[in-house]
Undergrad: 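Handing you this structure, nothing more for now.
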Amino acid sequence: MDDDKSDGFPATEVRELDDASPSDTAVKLGNSVDQQNMYRMGKKQVLRREFQFFSITGYAMLLGASWETATINVVLTLPNGGKAGTLYVLLVAIVGFFFSTLSMAEMSSMAPTAGGQYHWTSEFAPRKYQKILSYTCGFFAIVGWQTALAAVCYVAALQVTALAVLASPDYAATTWQNALLSWAILLVAVFANTVIFRKLPLIEGLLTFLHFLGFFAFIIVLWVMAPRGSVTSVFTEFKSNGWSSPGLACLAALNGPVYLTGADSQVHLAEELRDAAYVLPRSMMITAISNYISSFVILGTSTCVTTLRASNTVIVSLKFVDICSLVVTLMFCLGNIDSILNTPTDQPYIGILLNATNSVPVTKLLTVVILIIQVACAVNLVTTSSRQLWSFARDGALPFSSWIAHVNPTYAVPANAMLVSMFITVVLTSIAIGSNVAYATLLSLNFSGLLTSYIICTSCILHKRLSGDPMPPSRFNLGKYGPMVNVTALVFLSTFWFFQFFPVTPDPTPAGMNWSCVLWSAILIFMMIYYALRARHVYTGPIAFIRKDE
């Protein structure tokens, strides 16, 4: 929309666009480039730019909780593929998500906005499909982040339950107790995002230190104390788990390392980040690389010591494996897979720690580290999910948009959007009381929703490139490698998206079937009905507010 036009927009919106001028004295947070970007995108600065490079990077690392989640999610990949399959599937995921992050990092520099994917889609999609693609992208991004919040709160609750089992082996938690614990963790997360939000960057820094400290504590304990498996078993022995081949079993295990999804986590804080166009893409890449390395050191070891006995002679063979990864560490220190998967705590990593240390107190201490980081992850997920929701409502895309988009003047945070996120999490975790299977199916929307949004926005920027249309300036430009990066990202993202709907085992029973494809389709149908009946009449998409002459 040109600066001198307000066609189709109410007078209040036009006044908001005028307020967003770089000369507006009310907009004093962020540097001149931040103000110019907000002006170009037609958005009013209402949030405080509290974050800088180190705080936003620490924020994203804690939200990703890479090595912590890798230790928990090992249960998802071990049955399909075994130890070797777990490692190679993770490597494939790292390559794929690296290219996806590169693509989104460039887009975040072009348009550093809390809307993220749906805003980029609106700018880069073919004109005819801008509105519907943007709405679909934003809707699935919301579905992904809202279910992610519910999932992490529940996972953190399970760590509390695991600690209780460690303290009292006869203890057996019920689903309603886990639900109540998840609600308590949710309240802590909301408190941190409102009452003490301005202190959050400092708290993030301290917890980031714990994130790295805990990582090295796990590595050292496992390297020094755990029994070692052979290099052959870790790198060459696969499990087919009933599939026709180990390769197909590994493809079915692609739902394991999708915890690396979430490259857009700090994108939704772009309007709270100083010098966002420059800092944001670099923070995204550093966060991604850090997460990849720490995830991989927690599943192996960089030095494997094997003792071979032959003719009463002990030969010590040092195998230097050029891998920096905790996933590799776990694979070397795993022991018997079946016993680990059936540990009384229901957390395989705890079984590994107990086998390694033979000490319940030490295992408790290391489990507490995992718990603290998972709670920190929940805190940050409240931030990201509420910002994504707030931004979408700001563009009139949701029911009660004006109420959801209201920003609390006291705390300068979208408190109403947080209340909606709280309500959704409480509803979702309540389902777990009745059925863990139904709850797990709902939470699968975390990954399928986010992957859907990534595929849409990456496809749109690739189309924009290939069409030869001019794109906004970027301070993180992929240049001539852009098309290759985008295509590679789409190949990997589409593969991961497809296998999100695969069953865990071949020929599953109805109870063991992966019903997430049905749920994803139901969400799509619901969205299309709401879009046809209402959203298309009130939602124009961010492109309508862009000042194209800037």
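These numbers were taken from a predicted model, which means no experiment stands behind them.
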Undergrad: Angle between ring planes, W145 versus H268, binned at 30° and 60°: parallel, tilted or perpendicular?
TA: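 W145 and H268: perpendicular rings.
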
Undergrad: Give a yes or no on whether the backbone of L47 and the side-chain of E272 come within a donor-acceptor separation of less than 3.5 Å.
TA: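 No; zero donor-acceptor contacts below 3.5 Å.
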
Undergrad: Does the side chain of Y154 reach to within under 4.5 Å of the side chain of Q374, using non-hydrogen atoms?
TA: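 No, side chains not in contact.
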
Undergrad: Give the ring-plane orientation class for Y531 versus Y135, where under 30° counts as parallel, over 60° as perpendicular and anything between as tilted.
TA: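 Ring orientation, 0 to 90° scale: tilted.
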
Undergrad: In sequence, state the C-alpha distance, the side-chain angles, and the governing distance for K131 and I543, and then conclude on side-chain contact (heavy atoms from CB on, under 4.5 Å).
TA: CA-CA 9 Å; K131 187 193 291 190; I543 188 65; over 6 Å; no

Undergrad: Can R282 be said to sit on top of Y278's aromatic six-ring, NZ or CZ under 6.0 Å from centre and within 45° of the ring axis?
TA: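 Yes; both conditions hold, so R282 lies above the ring face of Y278.
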
Undergrad: Side chains of S516 and Q500: donor-acceptor distance under 3.5 Å anywhere?
TA: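 No, no side-chain donor-acceptor contact under 3.5 Å.
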
Undergrad: Which atom pairs, one a donor and one an acceptor, fall under 3.5 Å between side chains of residues 486-494 and the rest of the protein, sequence neighbours left out?
TA:
unit_1: N486; atom_1: OD1; unit_2: R465; atom_2: NH1; d: 2.8
unit_1: N486; atom_1: ND2; unit_2: S103; atom_2: OG; d: 2.9
unit_1: T488; atom_1: OG1; unit_2: M484; atom_2: O; d: 2.8
unit_1: S494; atom_1: OG; unit_2: L490; atom_2: O; d: 2.8

Undergrad: Residues two or more places apart in sequence or in another chain: which of them pass side chain to side chain contact (heavy atoms under 4.5 Å, CB included) with P473?
TA: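 With sequence neighbours excluded, P473 shows a side chain to side chain contact (heavy atoms under 4.5 Å, CB included) to no residue whatsoever.
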
Undergrad: Name the residue from F392, Y454, W520 that meets the ring-ring contact (aromatic ring centres under 6.0 Å, His included) definition with F140.
TA: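 That would be W520; it is the only one of F392, Y454, W520 passing the ring-ring contact (aromatic ring centres under 6.0 Å, His included) with F140.
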
Undergrad: Hey, can you tell me if Y59 and F51 have their rings parallel, tilted or perpendicular (30° and 60° cut-offs)?
TA: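 Y59 vs F51 ring planes: perpendicular.
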
Undergrad: Output, in order, the C-alpha distance, side-chain angles, deciding distance and verdict of ring pair (Phe, Tyr, Trp, His ring centres under 6.0 Å) for W497 and F447.
TA: CA-CA 8 Å; W497 180 87; F447 303 123; over 10 Å; no

Undergrad: Using 30° and 60° as the class limits, which term best fits the ring planes of F526 and F139: parallel, tilted or perpendicular?
TA: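 It falls in the tilted class, 30° to 60°.
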
Undergrad: Validate the cation-pi geometry between K43 and F545: distance from NZ or CZ to the six-membered ring centre under 6.0 Å, angle to the ring axis within 45°.
TA: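 Checked: cation-pi criterion met.
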
